[in-house]
Every structure is written in structure tokens, then in C-alpha cells.
Number of protein chains: 2
Amino acid sequence: MNSVQYICGIVKGEWFIMKNKALQEQRIRGYFIEATKEILKSEGLKSVSVRNIAEKAGYSFATLYNYFKDAKDLVFLCVQDFQTECTEHVTARSAKAARGEKKLRAILLAYLEYFVQYPGIFELFYVEKLSDLNKQPATAPLITGFLDKLCEEEWKYLITGKTVSTAMAANKKAALLYGLSGLLLLYINRQMPAGYPAFLKAATTFIDGQLKDMNA
Amino acid sequence: MNSVQYICGIVKGEWFIMKNKALQEQRIRGYFIEATKEILKSEGLKSVSVRNIAEKAGYSFATLYNYFKDAKDLVFLCVQDFQTECTEHVTARSAKAARGEKKLRAILLAYLEYFVQYPGIFELFYVEKLSDLNKQPATAPLITGFLDKLCEEEWKYLITGKTVSTAMAANKKAALLYGLSGLLLLYINRQMPAGYPAFLKAATTFIDGQLKDMNA
DNA sequence: AAATATACTGAACACTGTTCAAATTTTGAA
DNA sequence: TTCAAAATTTGAACAGTGTTCAGTATATTT
């Protein structure tokens, strides 16, 4: 017919067909992702297996390999979804707080709250080893930059308001990321401190300690 | 012969036999532990399997279950040994530092150094889930209290020297534990920061930031 | 309708942990 | 030293993993 189609190797209405194919493919990928998310939130990472996911998705375990490199690949595709969910939780829980340090504090506590509620998601974010394919793309930066993104606005507010210097903010950002990661790691994996009240006390003490002398 | 033996239900030279039995048993346990330690330090936690350990120990995999509840149990028995090894490394590396903050800094950096060198041991200490039997005894406290023990002397020195208050020391201790745990977790599991030099810079910045304003 | 292309599936293989009955070794009394 | 009893060691067996691949079934095009 026309040259353009021949150049692309496409004839007649194949463009629509290609589009449908991609759509259907995305749908099936979605079934697997949804199944994985369900398992992660309920039974946790330990129950994630190729056969488990496939059964929940309504396919054979072998079909999973037609859409994903392996189960780990699939698991890390859930990260974005959980991040938006966590972000929603954090914004809701920190909405009422006054801008600045107060809000920052609320954000950080809500962040901890989310992962305490879903330890499996903390595992996925910080503990589970990335597969070789997931090492390549921006999965790791996506995860490590998540807390920064949650706090971004507030740090901007504090910096532009001259409440804190850019350098100090960078240091505190890092310290809070390391501290909260360790706090969650020790609480979730080593029961330290023992019990949620003690954990909350340790968390607030740490956060307040970090946010205290920022105007230096 | 004498009543003591009869009271214990022991006759003739059975005491020595019992002792021999215990000795032999401990020896075999030692073979398994040594094999596990070797695997942990070389191939890492992922290569630890019942069959792997048993082969290195020179026994059948089934024999392992005659001496340990399971492989996890065995793995956590290596914790003490690695702690003493780490302690030796830390004391050696911090020997030359002047007492007080300087030495504390050296200890913390040597602590990080050790786990960066043996990521599998970090996994074992902070990431690997404790089995039900290991939840009972003081394995978790042993791990979480390890850094405290390493720094104990120096904190005492700073407190008695009135350089820092007891309350402040407690806060800083906790902050350092959380921060270093998170730092190692992110570096080992998420390649963040990327590269050892960047990690070292992040570590020193964090540690110095924590040790800076202690006299408050 | 037939041929072709695509998608799906279960068998098979190599691992994992764990149990248990059988085989082996050690032991101690005769 | 011999031999039966006790203790220890062992591999087969089972239920799980992940992964591959040839064959089946479905869908599409001719």
C-alpha cells in the first residue's frame, strides 16, 4: 500500500493489533503483579514463590516466565505501587502538622508507621537482594531516594526559610535515612526495642535528637 | 563404692565415660560450626545449606540434626565467634587512637570496616531471621548489644571525665547503633552510596555529626 | 477451512529442608 | 575375645523451592 507501512514492516491495520497485544500483555503482567502484591501484604515475602503467584494470578507457573525474568523481578515491580501507597499514608498522617520541623517529624513517624504495619514491604525495600536484572535499572536509587522524596518539600521549606543551611540539611537527611533504616531493621528483625511503645519512644528520641540542633 | 556415685545414678567409672561422651559430642559440634563459619566467610549466607555444611564437616546431612535443631541454629552459634573476631579487629585498629572521642570514632569505623569486609556476617547479625529456638535465648540481645559492648569503655571514660552526660551518651549510643546499622544495610544491600570511598565519606560524616555536639 | 504463529502448560531436573527406619559402629559384660 | 545391646550415622523418601523446554492449545492469517 504505502511506503511507510512497508518500511516498518507493518501492513493494513496491524498498528491497532500491535497496540492491543501490548495492552493485553500489560493486563496479564498486571494480574501477576496484583497477585504478588496480595501475597506480600498478607503472608509476606517468605510466601512469595513462582507457583504461589501464578496460582493467584490464574496461570501456570511456567507462564510467569513469559512475562518476567523471575519472581524477584516481579517482586521489585511492586515497589512503585507500595511507594505510592506509603506516600498516601504519609501525606494523610502528616496533613495536619504545621509546616517545618513539625511536619518533617510527622512525615518521618508516618513513614516508620507504614513499614511497621507491613514488615514484608520493609524487607522488600531494604533487605531483599536485588536480582541481576534489577541491579541494572534505577530500582536501588528509587528505594534509597524514597525517604528523600517524601521529605523534599519540607526540607525546601526549611532551607528557603533560612531555618537550616543546605549543607546541614544534606547531613540531617542522610543521618535520618540511616537511622530510620537501622531502627526498622533492628525492630523488625531483632525485636529491639521490644514492643511497639518502646520502639516509638526510641524513634521519637532519635528523630528529635537529629532535628534539635539544626541551626548551626 | 561411695554414696555420691549412687546418688547420681552413676556406678564405677561412668563419670569419666559421661565426660568423654560430652567431649566427643562437643568436638563433633565443633566440626559443624567450623564448617559453617568457613562457608559464611567465603561464599556467604546464601551458600549455607544442610548438605553443604555436612559435607565440609565430613558427615552426612542427616547427622547434623543429631547435634543441632537445624542449620539456622548452627549458623547463630557462629555469632559469638565472629563477635570475638570482630572485637579483635576493632581493638587492633583503634589501639593507637587517643582515648575519648578519637578512640570512639576509630572503634566505630573499624566496626564498619569489619562488616564491609564480611557482608555475610553482617547479614547473619542483622538481616537473617532468627529461628524459633534462637528467639528464646539471648541471641538477639547479644547482637544488638554488641556495638554497645565495643564502645562501653570509651563511653565510661567520657562520662566519668564529665565530657558527656549519661543521658546524652545513651542517646548518642542509640543513634550510632541505628545509623551504622542503616548505613551498612544500605551499602551492602542497596549499593548506596556507590563505592567504598563514598561509603567511607558518608560514614565519617555521620559519625562526626553525631559526636560533634555532645556537650549539651 | 487450513496453515501458521502465538500463548500456555506440565513434565522434568536440580536444588532446598526434614524425617525416619535401616545400617553401621561403638560399647561393655560374659 | 566374643557377642548382643546400645548408640550413632546414614541414605532413602517426601515436600518444598526455581527454571527450562518440548508439546499442546488457542488465536490469527491466508
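It should be emphasised that the depicted structure is a prediction, and the values quoted were computed from it without experimental measurement.
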Item to check | B:Lys69 NZ - C:dG17 P separation (whole Å) | outcome: 14 Å
Item to check | For atom CG of A:Asp70 and atom C1' of D:dT17, their distance in whole Å | outcome: 13 Å
Checklist entry - Is A:Ile28 touching bases, backbone alone, or none of the nucleic acid, heavy atoms closer than 4.0 Å? => result sugar-phosphate
Item to check | Under-4.0 Å side-chain N/O to phosphate OP1/OP2 contact, A:Tyr67 with C:dC8 | outcome: yes
Checklist entry - Could you walk me through whether B:Ile28 and B:Tyr59 pass the side chain to side chain contact (heavy atoms under 4.5 Å, CB included) check? => result CA-CA 9 Å; B:Ile28 294 174; B:Tyr59 288 92; 3.5 Å; yes
Checklist entry - So what does A:Tyr59 touch, heavy atoms closer than 4.0 Å: a base, only the sugar-phosphate, or nothing? => result sugar-phosphate
Checklist entry - Quick one: B:Glu55 CD to C:dC15 P, roughly how many Å, whole number? => result 12 Å
Item to check | Nearest-angstrom distance from the residue atom CG of B:Asn66 to P of C:dC20 | outcome: 13 Å
Item to check | OP1 or OP2 of C:dC8 under 4.0 Å from side-chain N/O of A:Ser60 | outcome: no
Item to check | Whole-Å gap separating P (C:dT18) and CG (B:Leu74) | outcome: 12 Å
Next on the checklist: Mind checking if A:Ser49 touches a base, just sugar-phosphate, or nothing, with heavy atoms under 4.0 Å?
Outcome noted: sugar-phosphate
Checklist entry - Starting at CG of A:Leu64 and ending at C1' of D:dC21, how long is that distance when rounded to a whole Å? => result 16 Å
Item to check | Residue met sooner reading DNA chain C from 5', once B:Ser47 and A:Ala62 are mapped to nucleotides | outcome: A:Ala62
Checklist entry - Rounded to the nearest Å, what distance is computed from the OH atom of residue B:Tyr65 to the P atom of nucleotide C:dT19? => result 7 Å
Checklist entry - When the nearest nucleotide of DNA chain D is assigned to A:Ala71 and to B:Gly58 on a heavy-atom basis, which residue is associated with the more 5' position? => result B:Gly58
Checklist entry - Do the non-hydrogen side-chain atoms of B:Thr144 and B:Tyr126 ever get within less than 4.5 Å of each other? => result no
Item to check | Selection from C:dT18, D:dG18, D:dT9 that lies nearest to any side-chain heavy atom of B:Thr63 | outcome: D:dT9
Checklist entry - Would you say A:Leu104 and A:Trp155 make side-chain contact, with heavy atoms under 4.5 Å? => result yes
Checklist entry - Has the side chain of A:Arg51 got a donor or acceptor that lies under 3.5 Å from a partner of the other kind on the base of D:dG18? => result yes
Item to check | Whole angstrom value for the distance that separates P of C:dA7 from CZ of A:Arg29 | outcome: 13 Å
Item to check | Pair B:Arg29-B:Gln26, side-chain donor/acceptor within less than 3.5 Å | outcome: yes
Item to check | Parallel, tilted or perpendicular: ring planes of A:Tyr196 versus A:Tyr187, cut at 30 and 60 degrees | outcome: tilted
